[in-house]
Amino acid sequence: MNKPLTIAMPKGRIYKEAAALLKQAGYHLTLDDEDTRKLILEFPEQNIQIMMAKPMDVVTYVEYGAADIGIAGKDVLLEQDRDVYEVLDLKISPCYVAVAGLPDQPLSKIAPKIATKYPKIASDYFREQGEQIEIIPLNGSIELAPIIGLTDRIVDIVSTGRTLKENGLVEYEKIADITSRLIVNPVSYRLKSREIDEMVQKLSEVVEVEMS
Ligand code: PRP
């Protein structure tokens, strides 16, 4: 039998949505309860291996060929600009990247500070606006930064809007709509084109039906 097709999947909420989509496409990759701490899951009957990774790391595994395929948020792809093929918009986990802050707070005139875990997206956006900003990189709970007066604004993901609301913040501008994408390692695409094309085709049919 050929080497298994390796898929890097983000842990957490996206996993469930992606696994559901794959199941509809004929790939049964459901996690059993006792498997939730395992990092590599084998599905020999389908010749598939799943690697459970942090969402920000999925693209790294795919770029280096450790995984043939990955499921990654468009936010991560915009931020990292890696050498992978983005082959399909899976249209799951929709959210967007936005600029937010305390209400009625104009941006400081001199080098406003922006807290974010997306320094590239934030820098690109404010450069296009002609604003010279200072990025304060943070890894999570970004909303804290303007509340405690560390920064003027944040650039972060908004999904339901609940985190902003419950912390008294408002949205100023939307930067980009985000969904999860299927990405492929360029060499794998050449060497395993049959299996990969088949998966892309099946998934695109499911996505189309889901959206109609
Ligand atoms: C993300 C994001 C926001 C929140 C938005 O954080 O950074 O904080 O979700 O979701 P909402 O609009 O539905 O409230 P995540 O849960 O990934 O944790 P983090 O703060 O550690 O990044």
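Both counts, for ligands and for their atoms, begin at 1 and track the order of listing. Side-chain atoms are counted along with the backbone in the values below, which use heavy atoms only and exclude waters and symmetry mates.
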Contact residues of ligand 1, where a non-hydrogen atom lies under 4.0 Å away:
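Lys117, Gly140, Ser141, Glu143, Asp156, Ile157, Val158, Ser159, Thr160, Gly161, Arg162, Thr163.
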Who are the salt bridge (charged side-chain N to carboxylate O under 4.0 Å, His left out) partners of Glu134, not counting sequence neighbours?
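Once residues adjacent in sequence are excluded, Glu134 has no partner under the salt bridge (charged side-chain N to carboxylate O under 4.0 Å, His left out) criterion.
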Partner set under salt bridge (charged side-chain N to carboxylate O under 4.0 Å, His left out) for Glu86, not counting sequence neighbours
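With neighbours one apart ignored, the set is Lys74, Arg181.
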Going by the side chain to side chain contact (heavy atoms under 4.5 Å, CB included) test, name the single residue among Gln46, Met199, His28 that passes it with Leu22.
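The side chain to side chain contact (heavy atoms under 4.5 Å, CB included) with Leu22 is passed solely by Met199 among Gln46, Met199, His28.
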If you look only at pairs with a residue in residues 151-163, which of them pass as a salt bridge (charged side-chain N to carboxylate O under 4.0 Å, His left out), with sequence neighbours excluded?
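Sorted result for residues 151-163: Arg162-Glu166.
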Is it true that, when you exclude Lys165 itself, more than 12 heavy atoms of the residues, nucleotides or ligands shown sit nearer than 6.0 Å to its NZ?
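At most 12 heavy atoms, drawn from other residues, nucleotides or ligands, come within 6.0 Å of this atom.
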Verify the cluster assignment for Val207 and Ile14: are they in a single hydrophobic cluster under the rule of side-chain heavy atoms below 4.5 Å apart?
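Yes, one cluster joins them.
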